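Working notes, beginning with the structure itself.
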Amino acid sequence: MSQQAATTPAAVPSVESITQLVHGFYGDVRKDPLLGPIFEEALHGQWDTHLQRLVDFWSTVALGTRSFKGDVFGKHMVLEGVTPAHFAAWVGLWQQHTNRLFAPDVARDLQVAAHGIARNLFRGYFGSDPAFVPTHSEHNGH
C-alpha cells in the first residue's frame with residue numbers, strides 16, 4: 001500500500017511542504033494545455049533549476065527564509081503571448097494545490113500571496129486589475 005507524502009493538510013508550512021506544493025503545482029502547470037506551452041518556451045528545458053528557484057521563492061514568502069533573490073516582475077514582463085486566461089488558470093491551479101496540501105488558514109495565506117503577485121504581474125501586462133481577484137463587494141455576495 002503506497003502512502004502520499006502528506007496525508008493530512010499541513011497546519012504549518014515547512015520547506016518540505018512548500019517543496020511538495022511547488023513540485024506538484026508546476027507538474028500540473030506543465031501538463032496544462034494553456035499554461036504548459038508558455039512555461040516550456042520560457043524555460044527552454046531548465047525546469048530543475050527553475051523549480052529550485054520557485055521553492056526558494058515560496059519559502060521566502062511563506063517562511064521568511066530569505067533564500068530567494070531575483071527580479072520576479074522583470075523576468076515575467078519579457079514573456080510573450082501571456083493573456084488574462086493564463087493568469088486565471090495559474091491562480092485556479094494554485095488554489096487547488098494549496099487547498100489540498102494545507103490547512104485552510106495556511107492555504108488562504110498562500111492564495112492571498114499568490115493573488116498579490118499575480119495582480120502585480122497582471123497590471124504590468126495589461127494596465128488594469130484582473131477579474132480573478134475578488135473585490136471587497138464580491139465577498140459580501142449571496
Side-chain angles (χ1 to χ4, degrees), residues 1-139 141:
M1 187 164 111
S2 67
Q3 283 187 321
Q4 288 183 307
T7 52
T8 2
V12 177
S14 63
V15 173
E16 293 77 18
S17 63
I18 295 297
T19 300
Q20 183 181 1
L21 169 64
V22 166
H23 283 260
F25 171 72
Y26 281 99
D28 280 355
V29 164
R30 289 181 84 171
K31 292 185 261 181
D32 186 88
L34 181 65
L35 297 172
I38 293 282
F39 278 84
E40 292 296 339
E41 184 176 331
L43 293 175
H44 307 294
Q46 297 177 342
W47 271 99
D48 290 342
T49 302
H50 193 60
L51 286 172
Q52 185 53 56
R53 286 189 53 73
L54 289 164
V55 168
D56 289 345
F57 175 80
W58 284 105
S59 293
T60 297
V61 170
L63 307 172
T65 61
R66 298 183 182 190
S67 54
F68 179 83
K69 303 265 188 281
D71 178 12
V72 173
F73 189 82
K75 291 284 188 186
H76 286 84
M77 288 301 102
V78 299
L79 301 177
E80 294 182 12
V82 176
T83 68
H86 290 100
F87 282 91
W90 188 92
V91 167
L93 276 177
W94 184 256
Q95 184 170 336
Q96 290 172 24
H97 280 265
T98 53
N99 282 341
R100 187 173 69 247
L101 292 172
F102 295 98
D105 288 349
V106 176
R108 189 169 37 257
D109 288 347
L110 288 165
Q111 291 162 12
V112 166
H115 283 163
I117 294 159
R119 182 176 46 250
N120 288 340
L121 293 174
F122 192 97
R123 285 177 183 155
Y125 277 110
F126 309 110
S128 63
D129 282 344
F132 59 79
V133 177
T135 63
H136 293 293
S137 62
E138 289 174 357
H139 287 296

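Throughout, numbering of the chain's residues begins at 1 and tracks the sequence. Side chains are part of it too, since the values below use all heavy atoms of this structure and drop only hydrogens, waters and symmetry mates. Because the structure is predicted, anything quoted here is derived from the model rather than measured.
Between F122 and F87, the ring-plane angle classifies as perpendicular under the 30° and 60° cut-offs.
The two residues L121 and M77 make their nearest non-hydrogen contact at O-CE, 3.4 Å. The minimum heavy-atom distance linking G81 with I38 is given by the pair O-CD1, 3.7 Å. Among all heavy-atom pairs drawn from T60 and S67, the shortest one is OG1-N, 3.0 Å. For the pair Q20 and L101, the tightest heavy-atom approach, listed with the atom from each and the gap, is NE2-CD2, 3.4 Å. Here the shortest heavy-atom pairing between A11 and A103 reads CA-CB, 3.9 Å. V61 and A113 make their closest contact through CG1-CB, 3.7 Å (heavy atoms, listed as atom of the first residue, atom of the second, distance).
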- Message: Using the rule given for side-chain contact (heavy atoms from CB on, under 4.5 Å), can you reason through W90 versus V82, listing the C-alpha separation, both sets of side-chain angles and the distance that settles it, and then say yes or no?
- Response: CA-CA 11 Å; W90 188 92; V82 176; over 6 Å; no
- Message: Apply side-chain contact (heavy atoms from CB on, under 4.5 Å) to residues Y125 and L79 and explain how you reach the verdict.
- Response: CA-CA 10 Å; Y125 277 110; L79 301 177; 3.4 Å; yes
- Item | side-chain contact (heavy atoms from CB on, under 4.5 Å) between L110 and W58, intermediate numbers included | CA-CA 9 Å; L110 288 165; W58 284 105; 4.2 Å; yes
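To the nearest 0.5 angstrom, R100 atom CZ is 7.5 Å from Q96 atom CD. Once rounded to the nearest 0.5 Å, the distance linking NE2 of H115 with CD of Q95 reads 6.0 Å. From L35, atom CG reaches atom NE2 of H86 across 6.0 Å, with rounding to the nearest 0.5 Å. Distance check, rounded to the nearest 0.5 Å: CH2 of W94 to CG of N99 gives 11.5 Å. Taking CG of D105 as the reference point, atom CG of D109 lies at 7.0 Å (rounded to 0.5 Å).
Side-chain contact check for L51 versus V55: every heavy-atom pair is 4.5 Å or farther apart. Side-chain atoms of L21 and F102, non-hydrogen and from C-beta on, do get closer than 4.5 Å to each other. Annotation: side chain of Q111 is not in contact with side chain of V91 (no heavy-atom distance under 4.5 Å).
Between R53 and D56 there is no salt bridge, since none of the side-chain N atoms of the basic residue sits less than 4.0 Å from a carboxylate O of the acidic one.
D48 pairs by the salt bridge (Lys or Arg N to Asp or Glu O under 4.0 Å) definition with nothing, not counting sequence neighbours. Every side chain to side chain contact (heavy atoms under 4.5 Å, CB included) that E40 has, sequence neighbours left out, goes to R30, W47.
No donor-acceptor distance shorter than 3.5 angstrom exists from the side chain of S17 to the backbone of P13, with no hydrogens or angles considered. The main-chain N or O of V72 is found under 3.5 Å from a side-chain atom of H76 such that the two form a donor-acceptor pair.
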